[in-house]
2 protein chains.
Amino acid sequence: MARTVTERGDLLAPLAETFREHGYEGASLSLIAKATGLGKGSLYHFFPGGKAEMAEAVLAEIEGWFEGAVFRPLREAQDPDAAVAAMFETVTAYFRSGRRVCLVGALSLSDARDRFAAALRRYFALWVEALAAALVRAGHPPDGAEARAEEIVGGIQGALVLARALDRPEAFERVLAGLRARSRAPA
Amino acid sequence: MARTVTERGDLLAPLAETFREHGYEGASLSLIAKATGLGKGSLYHFFPGGKAEMAEAVLAEIEGWFEGAVFRPLREAQDPDAAVAAMFETVTAYFRSGRRVCLVGALSLSDARDRFAAALRRYFALWVEALAAALVRAGHPPDGAEARAEEIVGGIQGALVLARALDRPEAFERVLAGLRARSRAPA
DNA sequence: TCAATCGTGTACCGATTGGTACAGGAAGTT
DNA sequence: AACTTCCTGTACCAATCGGTACACGATTGA
């Protein structure tokens, strides 16, 4: 049979997109096979644990991407306010202005939440923690910083829900603009 | 065979809970049968359209409940600021302080979004519209009112995502308290 | 009392699910 | 050239999916 020498890493992107579009339960193996162009044999070769292992791998890759592109800059940037601004830009691009679903958020509301509870919690905990630290360094009062960070991270997730339900991507950008304005350092 | 004379309306509550817990795809007919205590024969007697008709009925009932308990009070209350406060209390109770999922929001992120697009859009559009009207009557500047309403409704949805992912219901109440504070009439 | 209607459970349908088994070809090693 | 490892597609599995058919019992009205 033909051999294409696929790398496991190359599968993560189409896998993620399939899970985003159809959810965990809805992403059937035949859909996954179509998206990756691989048969079941190859899929089970790379992911012996089946669908669950595929989803775990995707979640790990997402967390890694956010760690490098969002969380670490928030924690370490020299100008924390600029880092917060960059976060909004990065997130807007990542979610395609509200047209793309957050897989972590979608899984959190779904049936599969319990199965991936640890990964889901870690993703949001890291985000809130990093953002709260940046807000404090930018001059926000420390005691309210975590609550404010939760509000912003939650607000982004809610904006995705709203934009998708209303089928109006501009609502996403508008809500994010409001969140950004309010995250500026207070006078 | 035994006849229990079930009413169609009595089925909506267990149906809604099943869809909330397992999503649309995940709510199998056997789960639904167990939750309602009815066999397939009875279910298809009340809902000839099958699962899709059950979900439509549940969404219609949810919209009706929110119309009476949330949307109309926002539109018609004599004290609009008190109506906004009441909305936060009603919503907190309805979502069991973040332990209960918003079915409309969850469906919006799921595979089933396209199928129920009209109902999902209407629910959120009604909510944003009613809230924006209340904010204006409470003294908020009219040009930013819809954006602010979107931010609040989205914020509630995001708080549900966050509380569920973090498995920390108090995060829901904390975010809602912040939203409430910011929805007060400006000086 | 008899017939019609309404609810109901069970059996069944084809299709699809996630997962396994395996044969076999391509590439690399010796 | 023989051998091994890796990757691949196909065939197959039991289980479950949403949905249909239908027969039976209870209720109701005449």
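In what follows, every chain begins at residue 1, and chains take the letters A, B, ... in the order their sequences are listed.
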Among the nucleotides dT8(D), dT8(C), dA11(D), which one has an atom lying closest to any side-chain atom of Lys40(A)? dA11(D)
Spacing of NZ belonging to Lys51(A) relative to CG belonging to Leu15(A), to within rounding of 0.5 Å: 11.0 Å
Ring geometry between Trp127(B) and Tyr123(B) (parallel below 30°, tilted from 30 to 60°, perpendicular above 60°): perpendicular
So what does Ala27(A) touch, heavy atoms closer than 4.0 Å: a base, only the sugar-phosphate, or nothing? sugar-phosphate
From C-beta outward on Tyr44(B), which listed nucleotide comes closest to its side chain: dT10(D), dT8(D), dG19(D)? dG19(D)
What's the NE2-C1' distance between His45(B) and dA21(D), to the nearest Å? 16 Å
Which word best sums up how the rings of Phe66(B) and Phe71(B) line up, parallel for under 30°, tilted for 30 to 60°, or perpendicular for over 60°? tilted
Could you state the CD1-C1' distance from Ile32(A) to dT17(C), rounded to the nearest angstrom? 12 Å
Once you round it to whole Å, what is the distance between P of dT8(C) and CZ of Arg8(B)? 14 Å
What nucleotide, of dG19(C), dG19(D), dT8(D), holds the atom closest to the side chain of Leu29(B)? dG19(D)
Less than 4.0 angstrom between a side-chain N/O of Ser30(B) and OP1 or OP2 of dT16(D), yes or no? no
Please confirm whether Arg100(A) makes a cation-pi placement over Tyr94(A), using NZ or CZ under 6.0 Å from the six-membered ring centre and within 45° of the ring normal. yes
Which nucleotide in the list dG9(C), dG18(D), dT17(C) gets nearest to the side chain of Ser28(B)? dG18(D)
Assess the residue pair His45(A) and Arg8(A) against the criterion (side chain to side chain contact (heavy atoms under 4.5 Å, CB included)); give the C-alpha distance rounded to whole Å, side-chain angles, the decisive distance to 0.1 Å, and a yes or no. CA-CA 10 Å; His45(A) 173 74; Arg8(A) 190 184 133 123; over 6 Å; no
In whole angstroms, the gap separating P of dC6(C) from CZ of Phe47(B) amounts to 17 Å
Starting from P on dG19(D), measure out to CZ on Phe46(B) and report it in whole angstrom. 18 Å
Could you tell me how far apart Leu43(A) (CG) and dA21(C) (P) are, to the nearest whole angstrom? 17 Å
Can you tell me how far C1' of dC17(D) sits from CE of Met54(B), to the nearest Å? 13 Å
Within the 4.0 Å heavy-atom criterion, would you say Gly41(A) contacts the bases, only the backbone, or no part of the nucleic acid? base
Can you tell me the distance, in whole Å, between the NZ atom of Lys51(A) and the P atom of dT20(C)? 14 Å
